[in-house]
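Side chains are part of it too, since the values below use all heavy atoms of this structure and drop only hydrogens, waters and symmetry mates.
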Amino acid sequence: MAAVPEPSLILSFEDARHLVEHHAAQLRPRGKELVELLEGAGQILAEPVVADRNFPPFPRAMRDGYAVQAADLSQIPASLEVIGEIRAGARSDDIPTLQSGQAAAIMTGAPAPAGADAVVMVEHTSRDAGRVQIMKPVAAGDNIVPIASEAKRGERLLSPGAWLDFAAIAVAVAVGRSRLLVYRKPKVAILSTGDEIVDIDVPPAANQIRNSNSYSLAAQVQAAGGEPVLLPIAPDEPARLRELIADGLESDLLLLAGGVSMGKYDLVESVLAEFQAEFFFTGAQIQPGKPVLFGRVPSGAGALAREQPASPQAHVYLFGLPGNPVSTMVTFELFARPVLEALAGMSPRKLAFLKARLKSEIRTKTGLKRFLPAILSGEFEHTEVEVAPWHGSGDIASMTRSNCYIVIPPDRDKIPAGESVPVLMR
Ligand code: AMP
Ligand code: MG
């Protein structure tokens, strides 16, 4: 039977989250591998990426127009002699150094000629054969990006731990990196528990529920940069649960779903204790997801039980997530994700909520911080959010109709329509 959790191990949401972040900050990824650039998209960079040249490599025109000396435009209109044309891709030294009284037609992206200190937009000029009339003055530096102003040769542009999103991919290409070192994805064992749970291709009897948690968690793990390892369903029976937990401890992180509430057959905590598990919290003041458990087991504890080689890490971290499907999903995002991201090599990031206008009043109970599945709608800067109709933490269908969570602080029991409320996007 599950031990009764010490009250001190039930933390506020913020304390629980900070504790997870604290442990995550000490974790290191497993190893590195070299991948083709696009294969690396969405993975975590494991090496610095430096500028192999100056950016831009030449003073670059930002507009179509005329390269000039700004000092020549003190009297407007000014008439300048056009000495040539520079297109993108041209060599600026094919154009003689610009002298006072001269201009060169220039296109966006072309190198500004020596002697020019500004570009006048073509809209403010009128061309007449070999001369151009300038109708608007410019300041020195206008419409020219100076050489090396974006980055100097040798400067670090991306650091290990960077998430390789499309902007990072552009940077890698700009410095000529067709392959990148990325961190290996951590293996995340997923173990669902419950006598009533059956796997996807077993026709469920009337008293049985299909195992959705293992699969929703696997999808969340993949999206967060991990490699899910699905274990067989554990019954509410200590011997088999023990075996499967031992298997799970072979991975870099163990996620258990179900069996962490206070019921007679909620065995996860007591079986984990047999592996010398250390618990950092056994509950958080949140809804859904209050019985969430966070701990770790010394490496080898699982393998010892099965006489197999130990993992090279000092500990295997684990989460016991409540089995109600919405609770499982929410607690993964709130607590398991930062640990997984750290094992994946990602630089730590704080959890930040956005704000949106509440469409209709919310009434709830005080005492817990609530993460209510919600629908963010509207358009452009006129966004609104409302709670998705749902029937509690088992209602997976309502999750598919929602796209975010409204976050309600524990001291509020009524939030009027129109208030700006915190929203956690998903
Ligand atoms: P538990 O946390 O084990 O008390 O489970 C709480 C509720 O979640 C019960 O109604 C379970 O039937 C349901 N549940 C537990 N595990 C799963 C699972 N793997 N897939 C779908 N529902 C589950
Ligand atoms: Mg259960």
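- Nearest heavy atom pair, residue Ile144 against residue Met62, reads N-SD, 4.2 Å.
- The main-chain N or O of Asp64 is found under 3.5 Å from a side-chain atom of Thr108 such that the two form a donor-acceptor pair.
- Remark: Phe58 pairs with Arg60, Pro111 by the side-chain contact (heavy atoms from CB on, under 4.5 Å) rule, at least two apart or across chains.
- Counting only distance, with no hydrogens or angles, the side chain of Glu21 and the backbone of Lys350 share no donor-acceptor pair below 3.5 Å.
- The distance from atom CG of Leu267 to atom CG of Leu272, rounded to the nearest 0.5 Å, is 10.5 Å.
- Residues passing the side-chain contact (heavy atoms from CB on, under 4.5 Å) test with Ala110 are Ile86, Ile106, sequence neighbours excluded.
- In this structure the side chain of Arg184 never reaches within 4.5 angstrom of the side chain of Lys32, judged on heavy atoms.
- In this structure, Ser214 and Ile190 approach most closely via the heavy-atom pair CA-CG2, 3.7 Å.
- The line from CG of Leu254 to CG of Leu249 is 5.5 Å long, rounded to the nearest 0.5 Å.
- A ring-ring contact (aromatic ring centres under 6.0 Å, His included) check over residues 349-376, counting only residues at least two apart or in different chains, returns the pairs Phe13-Phe371.
- In this structure Pro409 satisfies the side-chain contact (heavy atoms from CB on, under 4.5 Å) test together with Asp411, Arg412, sequence neighbours excluded.
- Arg401 and Ile375 make their closest contact through O-CG1, 3.3 Å (heavy atoms, listed as atom of the first residue, atom of the second, distance).
- For the pair Arg426/Ser402, a side-chain contact is recorded, criterion being any heavy-atom separation below 4.5 Å from C-beta on.
- Crowding of Arg153 atom CZ: a count of heavy atoms from other residues, nucleotides or ligands under 6.0 Å not exceeding 12.
- The local environment of CZ in Arg91 is sparse, with at most 12 non-hydrogen atoms from other residues, nucleotides or ligands closer than 6.0 Å.
- At least one side-chain heavy atom of Leu340 sits less than 4.5 Å from a side-chain heavy atom of Pro186.
- In this structure, the side chains of Ile245 and Val297 stay at 4.5 Å or more apart for every pair of heavy atoms.
- Within the model, atoms CE of Met262 and CG of Asp266 stand 9.0 Å from one another, a figure rounded to the nearest 0.5 Å.
- Phe281 and Phe294 have tilted rings, their planes meeting at an angle from 30° to 60° on a 0 to 90° scale.
- Leu158 contributes atom CG, which lies 8.5 Å from atom CG of Leu180 (distance to the nearest 0.5 angstrom).
- For residues 202-228, the salt bridge (Lys or Arg N to Asp or Glu O under 4.0 Å) pairs, not counting sequence neighbours, are Lys187-Glu227.
- For the pair Gln220 and Pro228, the minimum side-chain heavy-atom distance is 4.5 Å or more.
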Step-by-step side-chain contact (heavy atoms from CB on, under 4.5 Å) determination, Thr193 to Leu244: CA-CA 10 Å; Thr193 73; Leu244 288 169; over 6 Å; no
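- In this structure the side chain of Val339 never reaches within 4.5 angstrom of the side chain of His23, judged on heavy atoms.
- A pairwise comparison of heavy atoms in Pro160 and Tyr183 identifies CB-OH, 3.8 Å as the closest pair.
- Residues Ala234 and Leu191 approach most closely at CB-CD1, 3.8 Å, considering heavy atoms.
- Atom OH of Tyr317 is separated from atom CD of Glu278 by 7.5 Å, given to the nearest 0.5 angstrom.
- Within a 6.0 Å radius of CD1 in Ile396, other residues, nucleotides and ligands contribute 12 heavy atoms or fewer.
- Partners of Ser420 according to the side-chain contact (heavy atoms from CB on, under 4.5 Å) rule, which considers only residues two or more places apart in sequence or in another chain, are Lys355.
- The salt bridge (Lys or Arg N to Asp or Glu O under 4.0 Å) check on Glu274 picks up Arg242, with sequence neighbours excluded.
- How far CZ of Arg28 is from CD of Gln26: 8.0 Å, rounded to the nearest 0.5 Å.
- Judged purely by atom type and a 3.5 angstrom limit, Asn324 has no side-chain atom pairing as donor or acceptor with the backbone of Ser327.
- Contact of the Glu155 side chain with the Phe55 side chain is not registered, since no non-hydrogen atoms from C-beta on lie closer than 4.5 Å.
- Applying the salt bridge (Lys or Arg N to Asp or Glu O under 4.0 Å) test to pairs two or more places apart or on separate chains, those with a residue in residues 319-339 are Glu333-Arg337, Arg337-Glu341.
- Listed for the Asn403 side chain is a donor-acceptor partner under 3.5 Å among the backbone atoms of Leu376.
- Sorted pairs that involve residues 192-207 and meet salt bridge (Lys or Arg N to Asp or Glu O under 4.0 Å), not counting sequence neighbours, are lacking altogether.
- Listed by first then second residue, pairs satisfying side-chain hydrogen bond (donor to acceptor under 3.5 Å, both in side chains) with a partner in residues 37-53 read Glu47-Arg177, not counting sequence neighbours.
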Take Phe280 and Arg296 through the test side-chain contact (heavy atoms from CB on, under 4.5 Å) and record every step on the way to the result. CA-CA 8 Å; Phe280 303 113; Arg296 67 183 181 190; 3.5 Å; yes
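- Looking only at atom types and distance, the side chain of Asn213 has no donor-acceptor partner in the side chain of Ser192 under 3.5 Å away.
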Run the side-chain contact (heavy atoms from CB on, under 4.5 Å) check on Leu230 and Tyr215 step by step: do they pass? CA-CA 8 Å; Leu230 271 72; Tyr215 296 89; 3.6 Å; yes
Residues 116-126, side-chain donor-acceptor partners within the protein, below 3.5 Å, at least two apart:
residue, atom, partner, partner atom, Å
Asp117, OD1, Ala70, N, 2.7
Thr125, OG1, Val122, O, 2.7

Using the rule given for side-chain contact (heavy atoms from CB on, under 4.5 Å), can you reason through Phe335 versus Leu321, listing the C-alpha separation, both sets of side-chain angles and the distance that settles it, and then say yes or no? CA-CA 9 Å; Phe335 301 115; Leu321 308 177; 5.8 Å; no
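- Summarising the geometry of Val326 relative to Pro288, their closest heavy-atom pair is CG1-CG, 4.1 Å, with the distance given to 0.1 Å.
- Using a cutoff of 4.0 Å between basic side-chain nitrogens and carboxylate oxygens, Glu14 and Arg17 are not scored as salt-bridged.
- Panel note: side chain Glu237, backbone Ala239; a donor-acceptor pair is recorded below 3.5 Å.
- Two residues are said to be in side-chain contact when any heavy atoms from C-beta on lie closer than 4.5 Å; Met425 and Val423 meet this criterion.
- Although no hydrogens or angles enter the test, the distance criterion places a donor-acceptor pair under 3.5 Å between the side chain of Ser12 and the main chain of Asp15.
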Do any side-chain atoms of residues 377-390 form donor-acceptor pairs under 3.5 angstrom with protein atoms, and if so which ones, sequence neighbours left out?
residue, atom, partner, partner atom, Å
Glu384, OE2, Arg357, NH1, 3.0
Glu386, OE2, Lys359, NZ, 3.4

